[in-house]
Every structure is written in structure tokens, then in C-alpha cells.
Amino acid sequence: MAGEFYTRVSDVALCQRCPALLAYMLHKGEKSAWRVGIRGNGHAYGSMFHKNIARVFFEAASDRGNPLHFRIASSIPGGSESLGALVRERIFLPFMEESSGRLETGQVMAMARGVDVWVRAMSDFFAGIPSLMRWPEGNMHTVFIPPEQKLQGSYGLPDGGRLIVTGCYDALMFNPDRAEARIFEFKGYMKSDIAVPLSQSLVYSWLIWKNTGVIPSVEIIYLDSAGREPDIFAPETVKAMIRSGLPGLFSSAYGVISRGRFPEILRDEKLCSACKFRMTCRDDWGNN
Ligand code: SF4
């Protein structure tokens with residue numbers, strides 16, 4: 001029978017990779033199912049970058065009372081060079097000093113690269129906001145949104161069921177001069193795992209669209225992909241992908257979460273070959 005079920009953005013993204021993996025996590029207590037097939041330093045590493053570097057920046061940029069706020073304002077017109085110097089000196093290096101004993105050399109290098117790529121990406125975005133470049137102090141509050149705001153959206157299924165999706169995006173910025181927005185997602189995955197972060201970002205984009213009426217562009221920064229530029233998806237691309245991909249994905253997630261039907265077994269050769277459930281999943285989930 002149709003009902004109302006709550007879920008998280010990360011669970012919907014896991015369902016996109018394999019509905020049976022979501023079923024293992026939710027109904028058989030396999031908490032590490034999300035890790036199947038993910039290479040690179042993984043989730044912990046991306047969230048370390050986000051929590052200790054990007055979030056510190058966005059908290060300062062969105063709060064006039066923060067000691068770093070006006071330093072950021074004065075560095076914005078100088079482009080990626082001055083903004084990069086500030087981020088390295090005031091955020092990245094203090095974090096490294098505090099935690100270098102816990103990090104491997106490869107992680108430190110990747111984070112330093114991630115800072116460069118991310119600062120360049122932000123500076124490109126700022127260059128398209130004349131009001132910010134003219135007077136950063138007076139316009140930062142219209143550009144920077146406090147990080148990790150919780151969003152919620154409701155999706156109605158054809159059979160009357162309802163999926164309530166909640167999640168906190170990594171970082172969001174607005175361009176008030178063009179009524180545009182951009183989500184940044186920081187990933188410790190390698191770029192070859194594109195479907196993983198993109199599906200998650202599409203669900204966040206849908207939530208932002210529902211909550212603000214604006215469809216954001218999406219920029220995914222890969223900390224483990226040396227020398228590779230981030231992926232940027234324009235709002236029209238994001239809109240088309242939301243329309244073509246999310247109804248089926250929400251329906252599939254709803255089926256798993258509600259236990260309304262057996263999860264589909266996707267038979268993705270590459271993913272399945274790396275999966276610890278490959279010998280049992282057909283039997284565990286209805287042999288479909
Ligand atoms: S073996 Fe393949 S289909 Fe089965 S749970 Fe793992 S990834 Fe999913």
C-alpha cells in the first residue's frame with residue numbers, strides 16, 4: 001500500500017548505483033554497502049576537505065561577524081591569486097599544522113591541489129558577478145549561503161506514495177546579477193566514478209530548485225584526480241538530467257525503502273565484480 005517514507009540524498013544516490021546495495025544497507029544492516037566499487041581515498045577524505053577547508057571558508061564568507069570575513073572580501077577582486085594566497089595562509093596551512101601527523105603525503109598533496117582547483121573555480125564564478133567585484137563587502141551576503149543548510153523536498157509517486165528527501169549540500173553560491181546558483185561538491189573519489197557524485201548532486205539540485213525556484217549549475221571537484229579540471233554542468237543540462245533521471249530513481253528508491261518490491265539487480269559487470277555481495281544478491285533479493 002502507498003505510504004510516506006523519509007530518505008537521505010546519499011541513500012538515493014546509492015540506489016542509483018545499485019538498488020540492491022541500498023537494500024543491503026537499509027534492511028540487512030550492511031552499513032558499508034555504499035563503499036562498494038568506490039576507488040580513491042573515498043568519502044572520508046572528501047568530507048575532510050569539506051569540513052576543514054571549504055566549510056571554514058564558507059562560514060567566514062557568509063558571516064560578517066567572522067574574523068576572516070573582511071579578509072576574504074578584500075581578496076576577491078584580486079582573483080584566484082589573492083584568494084588562493086588567503087585560503088592557503090589562513091585555512092589550509094593551519095589545518096595542515098594541526099593534522100599533518102594523521103595525513104599521508106598523497107592526501108596532503110591532493111588537498112593542496114584541491115584548494116587550487118576550487119579557488120580557481122570560485123574566482124571564475126565571481127568574475128561573472130560585477131556587483132561582487134565592485135563592492136565585495138556590501139554584496140557578499142547575497143552570494144555566499146551558509147554551508148550545510150538542511151533541505152527537504154517531497155516527491156509524489158504515481159501510485160500515491162510519497163518520498164520525503166532530506167540532505168545538506170556541501171557548498172552553494174548565488175550570482176544575484178544573473179539569478180544563477182552553483183553547487184560545489186568535493187569528492188575523494190577518482191573522476192572515473194562520475195556517476196556517484198553526479199547523481200547525488202542532481203538530487204541536491206532538485207532540492208534547491210524546489211526550495212528556491214532556481215536550478216543551479218553543478219561543479220564537482222575531484223581531490224584524487226591529479227591535473228584534471230572539475231566537471232561543470234550548466235543549469236539547462238542539470239534540468240534535463242533531473243527530468244530524465246530522477247523520476248525513475250525516486251521510484252526505485254521508494255520501492256526499496258518501502259519494501260514494496262524486490263530491488264532490481266542491475267548486473268553492472270564492473271561494479272558487481274568489486275562487490276562483496278556478488279555470490280548472494282540474487283538469492284537475497286528475489287532471484288530477479
Ligand atoms: S553484486 Fe552487483 S547487483 Fe548484486 S548487490 Fe553487488 S553491485 Fe548490486
Side-chain angles (χ1 to χ4, degrees), residues 2-3 5-48 153 155 157-159 161-167 170 185-207 218 220-225 228 231 233 241-288:
F5 293 89
Y6 283 77
T7 188
R8 301 174 305 174
V9 173
S10 54
D11 290 353
V12 177
L14 178 60
C15 186
Q16 192 265 335
R17 300 175 62 221
C18 173
L21 286 177
L22 178 61
Y24 273 113
M25 196 177 82
L26 295 181
H27 305 314
K28 288 195 186 290
E30 294 281 358
K31 298 296 177 211
S32 64
W34 66 270
R35 242 205 161 293
V36 168
I38 290 176
R39 295 184 294 147
N41 286 298
H43 179 74
Y45 180 22
S47 66
M48 191 192 299
Y155 183 83
L157 288 112
D159 69 353
R162 195 153 281 283
L163 197 60
I164 316 288
V165 185
T166 58
D170 277 3
E185 287 281 322
F186 305 100
K187 297 298 170 193
Y189 313 132
M190 290 188 183
K191 193 166 172 150
S192 54
D193 298 318
I194 178 71
V196 181
L198 185 57
S199 57
Q200 186 154 311
S201 300
L202 284 183
V203 183
Y204 283 126
S205 301
W206 172 77
L207 285 171
V218 171
I220 300 171
I221 295 176
Y222 299 89
L223 304 174
D224 256 8
S225 292
R228 303 290 293 270
D231 282 320
F233 300 88
M241 289 192 291
I242 286 174
R243 289 204 160 134
S244 65
L246 289 196
L249 179 56
F250 285 148
S251 168
S252 178
Y254 181 86
V256 173
I257 294 161
S258 66
R259 295 179 183 250
R261 60 173 184 261
F262 289 119
E264 306 106 83
I265 303 294
L266 290 184
R267 299 181 182 87
D268 174 332
E269 217 173 282
K270 199 167 151 205
L271 184 63
C272 294
S273 67
C275 179
K276 64 180 178 177
F277 308 115
R278 63 186 176 280
M279 306 307 285
T280 56
C281 76
R282 276 164 217 277
D283 292 334
D284 285 343
W285 304 113
N287 205 20
N288 57 5

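Counting convention: from 1, in listed order, for ligands and their atoms alike.
Rounding to the nearest 0.5 angstrom, the gap separating the CH2 atom in W206 from the CG atom in L246 is 8.0 Å.
Listing protein N, O or S atoms at distances below 2.8 Å from atom 2 (Fe) of ligand 1, with waters left out, gives C272 SG.
Between F277 and W285, the gap from one ring centroid to the other reaches at least 6.0 Å.
Minimum heavy-atom separation, L21 to C275: CD2-SG, 4.1 Å. Of all heavy-atom pairs spanning C272 and R278, the tightest one is O-CD, 3.4 Å. Of all the heavy atoms in L271 and C18, the pair that sits closest is CD2-CB, 4.1 Å.
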May I have the list of side-chain donor-acceptor pairs in residues 7-14 shorter than 3.5 Å, sequence neighbours left out?
unit_1	atom_1	unit_2	atom_2	d
R8	NE	D11	OD2	3.4
R8	NH2	D11	OD1	2.9

